[in-house]
Amino acid sequence: VGESRLNILFLAIPLAILLGTVFAIGFFWAVDQGQFDDLETPAHRILFDDDNNDSSQEKI
Amino acid sequence: LSLTKVTLETSSDSHFLDLPVFRKKYQKSETPAMRFYVEGIRCGKCVQKIESLQNQLSDIQILRVNMSNQQLYLQMKSEKTSFSLVVTAIEKLGFRLRPIENSEELNNFVKSEDRSDIRRLAAAAICASNIMMFSFAVYLGADSSLELFFKWLSFSLYLPVVTYVAWPFYKGFWNSLMQRSLSIDGPMAIASSFGFLFSTINLWRGVGSIYFDSLSGFLFLILLSRFAQKRMQRTFLSAGTAAPLDILGRARKLAGDNFIWTPSEILNPGDKIQAITGEVIPVDGVLLSARADFDSSYLTGESHSIVKHRGMPVEAGAVLLSAEAVIDVKAVGLQTEFGKLIRKVQENSTQKTELQNLSDRWSQILLISVYGLAVVYLALNWRISPEVSVERALALIILACPCAMAFGTPLALSFSMRNAFRKGFLFKSGDVFEKIQKVKNIFFDKTGTLTGRNMTVVATRPEQISAELEQIVLSLEAISKHPIAEALRIYFAKGTLQTLDITNAMEVPGSGLLGEYKGRHFCMRSSEQITGRKSVALYENAEPLVHFFLQDSLLVPSRQLVTELVNKGYKVSVLSGDSENEVKKIADALEIPASQCFARMTAQKKSEKVAAVPNSLMIGDGANDSLAFQNADVGIAVAGSVELALKSADIYLLSADLSKIAELFDISRRALFLIRQNLAISLVYNSFGAAAALMGYINPFVAALLMPVSSGFILLSSWWGSRD
């Protein structure tokens with residue numbers, strides 16, 4: 001029983017790390033796209049009555 | 001009172017945005033887009049107001065406001081559409097915009113710094129949390145094969161930490177070593193790299209403890225607190241307060257019979273510009289129109305108007321007093337005499353910031369003693385047990401590193417600066433607080449600081465004036481915007497007088513006013529030669545009928561302030577570009593001994609005077625005081641452009657009330673107390689921590705966990721100490 005439990009750990013942990021790496025790369029990509037350049041305005045923008053600006057994203 | 005206000009109000013036209021030469025300089029490469037600093041954004045409502053313009057104006061492609069850097073991004077649908085239309089609409093909403101020069105390099109630099117901060121923080125969080133998970137499994141008793149597997153996993157997860165995450169610490173440490181000093185990055189760099197070496201050796205040998213978990217957690221916490229501090233500073237001292245205001249902003253460039261508002265930076269020598277009453281001349285040039293009056297007090301400190309004839313040179317920074325003038329541009333921007341003065345001030349100001357402040361000195365001492373203690377401890381205990389001694393020395397360095405100190409002082413400073421800002425003082429840097437406490441000699445500039453730029457009528461000769469003469473005087477002066485005309489209008493404001501029909505009325509710049517009434521020839525001009533005082537008189541056929549005696553108006557708060565400062569034991573002096581007579585009057589009014597009042601001072605003489613005494617404070621306005629600001633230990637600018645003033649002065653007074661300056665001493669005393677309190681807290685915490693670490697009560701992991709506790713104390717103390 002101990003053997004099989006060990007085996008699944010050796011598979012699960014690298015998988016978890018792989019998954020973590022994928023998320024990290026995704027996050028880095030988002031930073032590069034400028035998702036985190038403005039950490040303040042979006043919090044206010046969500047309270048606007050009419051959502052007229054959601055199609056335009058500043059991409060510089 | 002303030003020259004900038006005049007320029008900005010009269011120049012709200014923004015058609016220049018559509019000029020090809022301007023677009024070329026400011027527009028981003030291909031797309032028709034520009035960036036602006038926005039002044040006046042307070043909340044989400046403001047953002048919504050601006051961004052909703054997108055629905056009303058169909059030319060706009062993208063209109064986005066970024067609150068964290070107070071910038072606005074505007075992209076139009078095509079190259080042909082007009083930027084100025086949108087900008088005017090936004091300015092009508094009550095926000096002020098200033099285009100940001102298309103400097104890709106600078107923008108990218110700031111942006112990439114922000115982004116790499118976030119990336120590092122994320123990398124540290126991911127690695128630290130995973131390492132923590134594996135080491136808890138080991139602490140809780142994973143079996144031996146798994147234990148080794150987990151430890152090697154921690155090792156590999158720590159690799160990005162020791163290289164990528166900790167990189168800024170190595171860089172900072174190296175830079176500080178190059179400058180032969182120790183920085184706060186030192187302990188972090190040493191802990192990260194030596195901890196890694198020590199743990200890897202232990203892992204290789206299979207004995208002893210490893211610290212990948214505590215080190216990565218520790219680095220994450222430090223990065224987090226730095227990130228928070230950076231953002232807090234940016235919010236408190238945001239671009240809104242430091243947004244560049246340019247006194248030599250825009251000019252009416254003549255093109256045929258029309259003019260177009262043009263930023264002075266894209267004017268060229270040979271262009272012709274037009275100015276009207278009250279405007280600041282933005283260029284060095286030659287007067288093309290007939291004679292005109294200028295007020296150069298901003299440059300020379302003299303409060304008298306200066307007459308220029310056709311063909312005479314006009315300097316940038318002078319204010320036009322006559323109705324209109326046309327000027328042939330010779331030099332613009334930094335090429336002007338005014339610009340050269342600014343550049344000189346800028347060059348000098350870099351030397352000033354090299355002064356080390358209080359907390360730097362304290363943390364230097366603490367760092368040296370911590371390193372010393374760690375080395376001594378290592379040397380003494382190496383023989384007994386290398387592992388234990390390394391472990392404890394490492395815990396000592398982590399725990400006793402003056403992070404709380406490095407964090408506490410900037411925090412106290414930014415809290416205090418925010419506090420001062422609310423009370424009407426804009427501080428250039430935090431080390432001014434310390435310098436203010438040492439001030440003993442206070443120098444005042446006269447014109448524009450102690451006195452207003454206006455004049456008042458103090459007496460007349462004869463004392464009683466007939467109503468008819470009053471009416472004639474006022475009617476003659478009605479066409480003039482000269483300060484003397486204003487003074488007379490204020491003097492006669494009591495009665496309601498009707499303007500008479502003056503025929504052939506005209507203003508002769510620098511001389512006076514002419515006019516005919518019922519066939520009688522009248523003239524208003526200076527009568528200084530007759531009276532021996534500053535005065536004007538109404539003449540009929542070269543015969544003076546009535547004299548008006550004038551004086552620079554002393555601002556009421558100045559007397560309060562000077563009295564208060566003298567009572568507190570400061571030595572107060574007055575420096576002025578005016579004549580002995582004028583200065584003496586002010587000195588008498590302020591009850592300052594004549595020996596401490598200096599007349600006919602040029603900018604150079606002023607700065608020499610200020611530099612000659614230690615612990616000096618210079619209070620003034622205008623460009624002619626900027627050299628004195630620099631040579632003084634502390635310079636306070638009370639008017640003029642913020643950006644310009646803060647290049648040479650340390651503090652800018654935001655309110656028009658001069659008497660507030662007395663509060664400054666109290667504010668800085670409280671700020672210094674707060675800094676010392678924070679230093680004391682971290683010092684006590686560090687000493688107890690160091691003792692506990694050396695005795696072995698605290699391992700590096702616990703040390704890293706205790707870090708935020710001390711930061712919390714510092715935060716609490718800063719908040720408590722700076723509350724109103």
Side-chain angles (χ1 to χ4, degrees), chain A, chain B residues 28 31 33 35 41 43-49 51-55 60-75 104 107-108 110-112 114-119 121-123 125-127 129-130 133-134 137 142-143 145-146 149-150 153 156-157 160 231 234-235 238:
Chain A
V1 185
E3 279 286 301
S4 62
R5 201 174 62 203
L6 276 188
N7 285 340
I8 197 68
L9 267 183
F10 282 117
L11 177 71
I13 286 170
L15 259 181
I17 287 177
L18 190 75
L19 213 59
T21 317
V22 169
F23 279 117
I25 290 169
F27 182 80
F28 280 27
W29 174 83
V31 172
D32 283 338
Q33 292 298 304
Q35 287 280 331
F36 298 90
D37 284 354
D38 184 359
L39 297 171
E40 229 167 297
T41 330
H44 292 281
R45 202 169 271 136
I46 201 168
L47 298 172
F48 292 177
D49 291 334
D50 41 358
D51 43 359
N52 45 48
N53 292 309
D54 47 5
S55 60
S56 53
Q57 266 288 335
E58 186 185 337
K59 278 182 189 170
I60 312 109
Chain B
K28 299 176 141 288
T31 42
R35 297 179 154 278
I41 292 192
C43 59
K45 201 79 195 152
C46 304
V47 178
Q48 191 183 9
K49 259 204 238 164
E51 290 187 350
S52 66
L53 280 176
Q54 196 166 2
N55 302 341
I60 305 174
Q61 181 76 30
I62 300 174
L63 177 61
R64 299 285 284 188
V65 177
N66 183 337
M67 283 175 84
S68 29
N69 57 14
Q70 307 270 306
Q71 287 185 12
L72 179 141
Y73 176 81
L74 173 62
Q75 188 180 326
E104 288 287 328
N107 283 346
N108 287 344
V110 174
K111 195 178 282 173
S112 75
D114 278 3
R115 287 180 179 176
S116 63
D117 277 354
I118 293 179
R119 264 195 232 115
L121 203 56
I126 293 168
C127 295
S129 55
N130 279 294
M133 196 171 69
F134 296 130
D143 49 52
S145 60
L146 265 183
F149 175 56
F150 283 162
L153 266 176
S156 51
L157 278 168
R231 285 206 53 193
R234 200 180 286 176
T235 324
S238 69

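So that the names make sense, note that chain A is the first sequence line, chain B the second, and so on, each numbered from 1. Since we're looking at a predicted model, the values are computed, not measured.
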query: Side chains of B/Ile126 and A/Phe27: does their closest heavy-atom pair fall under 4.5 Å?
result: no
query: When rounded to the nearest 0.5 angstrom, what is the spacing between OH in B/Tyr73 and CG in A/Asp38?
result: 14.5 Å
task: Determine whether more than 12 heavy atoms belonging to other residues, nucleotides or ligands lie under 6.0 Å from atom CG of A/Leu47.
output: yes
- line: Rounded to the nearest 0.5 Å, the CG atom of B/Asn130 sits from the CD1 atom of A/Ile13 at a distance of 10.0 Å
- line: Between A/Gln33 and B/Arg115 the two heavy atoms that sit nearest each other are C-NH2, 4.3 Å
query: If we only count heavy atoms from C-beta on, is the A/His44 to B/Val47 side-chain gap below 4.5 Å?
result: no
- prompt: Between CD of B/Glu51 and OG1 of A/Thr41, what distance do you get to the nearest 0.5 Å?
  reply: 7.5 Å
message: Rounded to the nearest 0.5 Å, what separates atom CZ in A/Phe28 from atom CD1 in B/Ile118?
response: 11.0 Å
